[in-house]
Amino acid sequence: MRHEDVETVLMLIVDVVLETADTTDFTLWPVAALPPYRPLALSDRMTPDEVGSAVAALARHTVGASDDDAPAPDAAALVRRMLAEEQITVDGGLRLHHTGLGVTVSPGCCCGLADWRDWLGVVADGEVPWLGHDPTPRVELTDGTVRLWPDGGFAAEPPPTRPVGIPVAELPGILRSARDDLRSFIGLVERWAARHVPALAEELTARLDTDLAVGAPLPGEPVGA
């Protein structure tokens, strides 16, 4: 999704991303040949194998693993283990790329995909979101504009490089687009699940809608929007 940056009249590209898992030896369902621990954009443009990679990342992060755990024997067993957890989680969030500046701000480690609504705090009361560490994006709010740097969140002073600027007034539209991308992704997961784990398709998509905070309305929207 793209939004005009009113400061520079250039394009800001915002993607909803999750962090891929290491699927080198993963055989329970088809996955894309993606490097591990890298952002994967979620949208209606994903291939079936990319959807498989995203579900694998969700399962690996949610279920975890230890030497005492027996490997799941099939796709349904792994998805059931994921659904048995209190919440489906994965690292991720909003990735912002400014084409004019050539700057990309990606969520760092431990920034959860389900926390994408934390950006609403900027609109509600000026509270900036935490975007993880290693890297540690720096976020500041000045004169109605959110300014972001790819790193430097723990430093006393901001980096000398020019930040990405987003007017606070644009955030509701950005978040609506993010929510639309998540809805599209869940729609693809429903199609994927109908093929690979049909008995769990309805439960899986419902849990993703709840655990990724997709269904609740955004400010200014009626319930059920």
Side-chain angles (χ1 to χ4, degrees), residues 1 14-67 69-97 104-118 130-135 137 178-197 200-201 203-214:
M1 51 186 154
V14 183
D15 294 306
V16 182
V17 300
L18 60 68
E19 184 181 79
T20 57
D22 185 352
T23 55
T24 304
D25 300 319
F26 189 84
T27 59
L28 297 183
W29 57 74
V31 294
L34 300 173
Y37 317 121
R38 295 293 185 270
L40 171 62
L42 308 179
S43 75
D44 59 1
R45 299 179 297 279
M46 299 174 73
T47 67
D49 284 358
E50 287 174 337
V51 176
S53 292
V55 177
L58 288 161
R60 285 282 178 87
H61 192 279
T62 300
V63 176
S66 74
D67 293 338
D69 292 333
D74 53 39
L78 181 56
V79 172
R80 285 194 188 95
R81 290 183 186 180
M82 177 169 61
L83 293 172
E85 297 294 326
E86 183 177 352
Q87 183 178 12
I88 296 175
T89 64
V90 70
D91 285 356
L94 301 188
R95 179 181 64 188
L96 304 101
H97 175 67
T104 300
V105 180
S106 297
C109 181
C110 301
C111 182
L113 175 58
D115 298 330
W116 64 276
R117 284 178 178 261
D118 287 357
W130 182 72
L131 301 181
H133 61 89
D134 299 325
R179 191 258 319 274
D180 290 346
D181 281 346
L182 283 168
R183 282 177 170 170
S184 295
F185 166 64
I186 292 174
L188 292 179
V189 171
E190 183 176 25
R191 191 180 307 170
W192 173 92
R195 179 176 181 181
H196 295 283
V197 287
L200 302 172
E203 183 179 1
L204 176 59
T205 53
R207 278 290 301 279
L208 288 176
D209 185 86
T210 298
D211 292 351
L212 299 182
V214 177

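Residues take their numbers from the sequence shown, with the count starting at 1.
In this structure a side-chain-to-backbone donor-acceptor pair under 3.5 Å is missing from T89 to A114. Between the S184 side chain and the S43 main chain, no donor and acceptor come within less than 3.5 Å of each other.
Taking A54 as the reference, L18, L40, L42, M46, F185 meet the side-chain contact (heavy atoms from CB on, under 4.5 Å) condition, with sequence neighbours excluded. Remark: T104 engages H97 in a side chain to side chain donor-acceptor pair (under 3.5 Å) (not counting sequence neighbours). Applying the side chain to side chain donor-acceptor pair (under 3.5 Å) criterion to D91, with sequence neighbours excluded, gives H61. Considering only residues two or more places apart in sequence or on other chains, D211 meets the side chain to side chain donor-acceptor pair (under 3.5 Å) condition with R207. Residues satisfying the salt bridge (Lys or Arg N to Asp or Glu O under 4.0 Å) test with R95, not counting sequence neighbours, are D15. W192 pairs by the ring-ring contact (aromatic ring centres under 6.0 Å, His included) definition with W29, H196, not counting sequence neighbours. Under the side-chain contact (heavy atoms from CB on, under 4.5 Å) criterion, R117 pairs with L120, A213, A216, L218, sequence neighbours left out. A search for side chain to side chain donor-acceptor pair (under 3.5 Å) contacts involving D22 returns T24, not counting sequence neighbours. In this structure T47 satisfies the side-chain contact (heavy atoms from CB on, under 4.5 Å) test together with D49, E50, sequence neighbours excluded. Among residues two or more places apart in sequence or in another chain, the side-chain contact (heavy atoms from CB on, under 4.5 Å) test is passed with A77 by A72, P73, D74.
In this structure the side chain of W116 never reaches within 4.5 angstrom of the side chain of D181, judged on heavy atoms. Side chains of L212 and L113 form a contact here, defined as non-hydrogen atoms less than 4.5 Å apart. Between S53 and F26, every side-chain heavy-atom pair lies at or beyond the 4.5 Å cut-off.
Atom CG of residue L188 and atom CZ of residue R183 lie 14.5 Å apart, to the nearest 0.5 angstrom. To the nearest 0.5 Å, the span separating SG on C109 from CG on L131 amounts to 13.0 Å.
Residues A194 and A201 share a closest heavy-atom pair of N-CB, 4.0 Å. Heavy-atom minimum distance, S106 versus P137: O-CG, 3.3 Å. Minimum heavy-atom separation, V31 to A56: CG1-CB, 4.3 Å. For the pair L200 and A76, the tightest heavy-atom approach, listed with the atom from each and the gap, is CD1-O, 3.6 Å. Heavy-atom minimum distance, A57 versus V90: O-CG2, 3.9 Å.
Among residue pairs with one or both ends in residues 26-36, none qualify as salt bridge (Lys or Arg N to Asp or Glu O under 4.0 Å); sequence neighbours excluded.
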Is there a side chain to side chain contact (heavy atoms under 4.5 Å, CB included) between V214 and L208 once you walk through the steps?
CA-CA 8 Å; V214 177; L208 288 176; over 6 Å; no
Report the C-alpha distance between L204 and M82 in whole Å, list the side-chain angles of each, state the deciding distance to 0.1 Å, and finish with yes or no for side chain to side chain contact (heavy atoms under 4.5 Å, CB included).
CA-CA 9 Å; L204 176 59; M82 177 169 61; 3.7 Å; yes
